Amino acid sequence: MVERQYITYNMVHKLCQEAAVKILDDFQPNLMIAIGGGGYVPARILRSFLKKPGTANIPIQAIGLSLYEKLDNHNGPEEALGHTVKRTQWLDFSAVKQSDLVGKNILIVDEVDDTRTTLQYAVQELEKDVKQAAKELGRENEETKFFVFVLHNKDKAKKGSLPEEMMAGGRYLAAKTVGDVWCCYPWEAIDIDEHDRLAAEAEAKKKAASA
């Protein structure tokens, strides 16, 4: 059975708070794009920490991508990996001004970097769309930079990849690196009290083991 790691809202809040310092200093995003559904909550928490006095909140756009599929006859939180990324929601360029993306620093937010397949798809497709938008607007000389932030990066072999210039250029940030465990996030919990109890129990065991 896959080991489960229970993450509370409090943990997520603190991870975002700690990461916000580097994001503000090094990334300086003009826009966040949250990958649904796991990226929504971290993006919203991050926005509070990224707001500078006297400035407007950083806008958040959303895209929906699905790689996992619910396991049959299984009541736990684990899901099986699908074969392909499914696009369930995307930016509507007829509603979102293309100029809001061109020439900006764009931070893509998700909860976990598991196989990296979803992140690869998001970056590739968004880069392609923004390149097309810049061409149509006659603004191909403006540089658009993409950055990635995840709460947890699983220390495992990845099936997907991110651009070399992104990784080498420090445009990828994971708040925490974990083993190949199943991350149980609070927004997926049916019984939040039981979820928090299991998280506290695991934390107590960890402290006892290191004592």
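Given the structure is predicted, the values throughout are model-derived calculations rather than measurements.
Under the 4.0 Å criterion applied to side-chain N and carboxylate O atoms, Arg197 and Glu201 are assigned as salt-bridge partners.
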task: Take His195 and Tyr9 through the test side-chain hydrogen bond (donor to acceptor under 3.5 Å, both in side chains) and record every step on the way to the result.
output: CA-CA 10 Å; His195 178 95; Tyr9 281 112; over 6 Å; no
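Counting all heavy atoms, side chain and backbone alike, Phe27 lies closest to Gly170 at CE1-O, 3.1 Å. Across every non-hydrogen atom of Ala34 and Gly39, the tightest pair is CB-O, 3.5 Å. The heavy-atom pair separating Ile23 from Pro29 by the smallest distance is O-CD, 3.7 Å. Here the closest heavy-atom approach between residue Gly38 and residue Trp187 is recorded as O-CZ2, 3.6 Å. Looking at every heavy atom in both residues, Arg116 comes nearest to Ser161 through CD-CA, 4.1 Å. The heavy-atom pair separating Pro163 from Glu127 by the smallest distance is CG-OE2, 4.2 Å.
When hydrophobic clusters are built by joining Ile, Leu, Val, Met, Phe, Trp and Tyr residues whose side-chain heavy atoms come closer than 4.5 Å, directly or via intermediates, Leu50 is grouped together with Leu173. Note: the hydrophobic cluster containing Leu101 also contains Met166 (ILVMFWY, side chain heavy atoms under 4.5 Å, direct or indirect links). Criterion: ILVMFWY side-chain heavy atoms under 4.5 Å apart, direct or through other members. Under it, Tyr40 and Val109 are not part of a common hydrophobic cluster. Clustering ILVMFWY residues whenever any of their side-chain heavy atoms sit less than 4.5 angstrom apart, transitively, puts Leu31 in the very cluster that holds Tyr172.
Ring planes of Tyr121 and Trp90: perpendicular class, angle over 60° (limits at 30 and 60°).
Judged purely by atom type and a 3.5 angstrom limit, Asn30 uses its side chain to pair as donor or acceptor with the backbone of Asn105.
Under the 4.5 Å side-chain criterion, counting only non-hydrogen atoms from C-beta, Leu119 is in contact with Ile35. Side chains of Arg87 and Ile63 form no contact here, defined as non-hydrogen atoms less than 4.5 Å apart. By the 4.5 Å heavy-atom criterion applied to side chains, Val41 and Glu111 are not counted as neighbours. Side-chain contact between Val148 and Asp113 is absent, with no heavy atoms from C-beta onward closer than 4.5 Å. Counting only heavy atoms from C-beta outward, the side chains of Leu24 and Lys52 approach each other to under 4.5 Å. Using a 4.5 Å heavy-atom threshold, the side chains of Trp182 and Lys154 count as touching. Here the side chains of Gln120 and Val85 are not in contact, with every heavy-atom distance at 4.5 Å or above. Considering only heavy atoms from C-beta on, Lys176 stays 4.5 Å or farther from Met11 through its side chain.
For Lys14, the NZ atom is loosely surrounded, since the number of other residues' heavy atoms within 6.0 Å does not exceed 12. More than 12 heavy-atom neighbours from other residues, nucleotides or ligands sit within 6.0 angstrom of CG on Asp26. Dense packing is recorded around NZ of Lys158, with more than 12 heavy atoms of other residues, nucleotides or ligands lying under 6.0 Å away.
Lys206 is linked by a side-chain hydrogen bond (donor to acceptor under 3.5 Å, both in side chains) to nothing, counting only residues two or more places apart in sequence or in another chain.
Annotation: the span from Asp180 atom CG to Lys156 atom NZ amounts to 4.0 Å, rounded to 0.5 Å. Distance check: Gln132 CD to Leu137 CG gives 10.0 Å after rounding to the nearest 0.5 Å.
Side-chain contacts under 4.5 Å among hydrophobic residues (ILVMFWY), followed directly or transitively, place Val181 together with Val178.
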